[in-house]
Amino acid sequence: MKIKHFLVAALSLSTTLLMSCSGNDGHNHDHHGHDHSHHDHAGHNHDHSGHNHDHSGHDHSSHAGHDQGSHDGHNHITPKNAGDHGDGVIVFTKDQAKKAGVVVKKIEAGEFNDVIKTGGQVLSAQGDERTVAATASGIVGYVNKSLTDGSSVNAGQGLFTISSKGIVDGDASAAARVAYDAAKKAYDRAASLVKDKIISQREYDEAKANLDRAKADLNTVSGRAATTGVTVTSPISGYLISLLVKPGEYVSVGQPIATVSQNRRLQLRAEVSERYFDRLGNITSANFILPYRPDETLSLSELNGRVVSFGKASAAGSYYLPVIFEFDNTGNVIPGSYAEIYLLGAPRKGVISVPKGAIAEEQGLYFVFVETSAEHFEKREVKLGANNGTSVEVKSGLKSGEKVVVAGAIHVKMAGLSSAIPHGHSH
């Protein structure tokens, strides 16, 4: 009997375990079906255990999908927004341009001269200049307050006054008068004594020579002395090409205080290498830059300049040929100055060129800023050719008709640097 009951219990337990295993298999199947198809909502409603697993899977999928979509969307939005104006485009408003002095000009292909860059010197015509020297020591002043370099002057015209008042050496005119009076008395005495042979003829001659010197000294300042001091005049008629002193400065006797030239024309002498000999005949003009005016290019065409001559043989021991120009001296060019010279030769047509101020340099590369649309600029690399001192030939990188920043390019460049967004920016 006991054996019978044991067999029944064992059979009942086996049946329960078998049913349990079958239910678990069904659960696993429902779970896979929900994850992949999302069509079996019946399994989700009836199987509570399956609901828990499916819900967990649903949350994970939704969260992962949200993160991925958000991340992908952010990466796509940033380049799109940054590229609305195109890669490398700089936004520079009209108000900013006005304040910064930015000038935009339409560039057209045109004529550009062949250029030979060299050095040389500004010269004055030989024998045309005279130096005006101080005739007394003292404080200098101008006779005419409007006296400037380039002023026209006449021979004998008063240019400066020199006052010795308050100076240790005293007034030159008064000193000359005292010296003359003393010499005159000595001479008169010697003249009366020599008649009676009380003094020798030699002593009389010395007294007379002293009187003559004193008279000459007096004449030097006499007639030019005024209440303001001794007047210094121009020795020749011509043009005042350099004032060497300013009002209120102290000068000594014999000190140069001005230079007057009979000719208002100056010469520019360029020294050209022999290898350019075959191109010298084509030279028509020149531009030049002076060391004391480095930011200004002077053009002979604007100074009524012309070619005087060019050398056909070099001097002994030299490998350079001289090319000489003549131009008007407007008073702001100092004779004797060395110059950086750009000789202008045969013209070439169809050349694109821009002013020097349009070029920006970075690590040996050259760029210009092209206006692509209103208030939008593109930084563009260009290849340069000849430089004539005012403009630069552009061999590639620009087309005729494009608008380029010709002044204030540095401000546009800085605007581009300040608005640049680093690659990979994520905020």
Side-chain angles (χ1 to χ4, degrees), residues 88 90 102-120 268-291 293-303 305-307 310 319-323 325 327 338-372 377-413 416:
I90 302 168
V102 172
V103 178
V104 178
K105 181 181 178 182
K106 187 176 181 180
I107 301 300
E108 300 284 0
E111 195 173 86
F112 194 88
N113 294 84
D114 185 24
V115 180
I116 300 175
K117 183 179 178 181
T118 187
L268 179 67
R269 179 187 175 99
E271 300 290 344
V272 186
S273 173
E274 290 178 345
R275 72 175 182 270
Y276 297 118
F277 175 75
D278 59 337
R279 294 163 59 182
L280 295 185
N282 295 324
I283 293 174
T284 58
S285 187
N287 298 328
F288 62 102
I289 300 175
L290 300 169
R293 298 166 67 180
D295 298 327
E296 181 181 5
T297 300
L298 301 177
S299 175
L300 290 184
S301 62
E302 297 176 357
L303 297 172
R306 67 181 184 88
V307 179
F310 62 90
Y319 299 97
Y320 293 90
L321 300 170
V323 179
F325 302 87
F327 64 97
Y338 287 93
E340 182 179 309
I341 303 174
Y342 300 85
L343 301 175
L344 307 181
R348 292 182 284 127
K349 295 182 178 180
V351 177
I352 295 177
S353 63
V354 296
K356 288 196 305 180
I359 304 296
E361 181 182 0
E362 290 183 15
Q363 299 180 349
L365 300 178
Y366 299 94
F367 300 87
V368 296
F369 296 92
V370 180
E371 186 182 55
T372 55
F377 299 86
E378 174 191 351
K379 178 182 176 183
R380 190 182 300 174
E381 183 180 352
V382 291
K383 301 298 182 184
L384 304 181
N387 179 352
N388 64 16
T390 58
S391 300
V392 184
E393 176 187 4
V394 178
K395 289 187 172 181
S396 64
L398 274 182
K399 296 180 180 178
S400 182
E402 291 189 299
K403 294 181 179 180
V404 175
V405 176
V406 296
I410 184 63
H411 299 290
V412 180
K413 175 182 176 181

Next on the checklist: Using the rule given for side-chain contact (heavy atoms from CB on, under 4.5 Å), can you reason through L384 versus V394, listing the C-alpha separation, both sets of side-chain angles and the distance that settles it, and then say yes or no?
Outcome noted: CA-CA 5 Å; L384 304 181; V394 178; 4.3 Å; yes
Over all atoms of both residues, closest heavy-atom pair of [X] and [Y]:
| X | Y | value |
| --- | --- | --- |
| S400 | A109 | OG-N, 3.2 Å |
| G397 | R380 | O-CD, 2.8 Å |
| V368 | A358 | CG1-O, 3.7 Å |
| V115 | N113 | CG2-O, 3.3 Å |
| S353 | I107 | O-CG2, 3.6 Å |
| G389 | T297 | O-OG1, 2.8 Å |

Checklist entry - Would F288 and F325 count as a close aromatic pair, with their ring centres under 6.0 Å? => result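 No.
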Item to check | Passing option when S299 is tested against T390, N388, N287 for side-chain hydrogen bond (donor to acceptor under 3.5 Å, both in side chains) | outcome: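 Only one option passes, and that is N287.
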Checklist entry - Under 6.0 Å from the NZ atom of K356, do we count more than 12 heavy atoms belonging to anything else shown? => result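 Check passes, neighbour count above 12.
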Next on the checklist: For D114 and N282: C-alpha separation, side-chain torsions, deciding distance, then whether side-chain contact (heavy atoms from CB on, under 4.5 Å) applies.
Outcome noted: CA-CA 9 Å; D114 185 24; N282 295 324; over 6 Å; no
Checklist entry - Taking it one step at a time, do K379 and E362 satisfy side-chain contact (heavy atoms from CB on, under 4.5 Å)? => result CA-CA 12 Å; K379 178 182 176 183; E362 290 183 15; 2.8 Å; yes
Next on the checklist: What verdict does the side-chain contact (heavy atoms from CB on, under 4.5 Å) test give for V104 and F369, after you've listed the backbone C-alpha separation in whole Å, the side-chain angles of each residue and the deciding distance to 0.1 Å?
Outcome noted: CA-CA 9 Å; V104 178; F369 296 92; over 6 Å; no
Next on the checklist: Can you confirm whether F112 sits close enough to P347 that some side-chain heavy atom of one is under 4.5 Å from a side-chain heavy atom of the other?
Outcome noted: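 No, every pair of side-chain atoms sits at 4.5 Å or beyond.
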Next on the checklist: Check E393 with K395, please: is the shortest side-chain N to carboxylate O separation under 4.0 Å?
Outcome noted: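 Between E393 and K395 there is no salt bridge, as every charged N stays at least 4.0 Å from the carboxylate O atoms.
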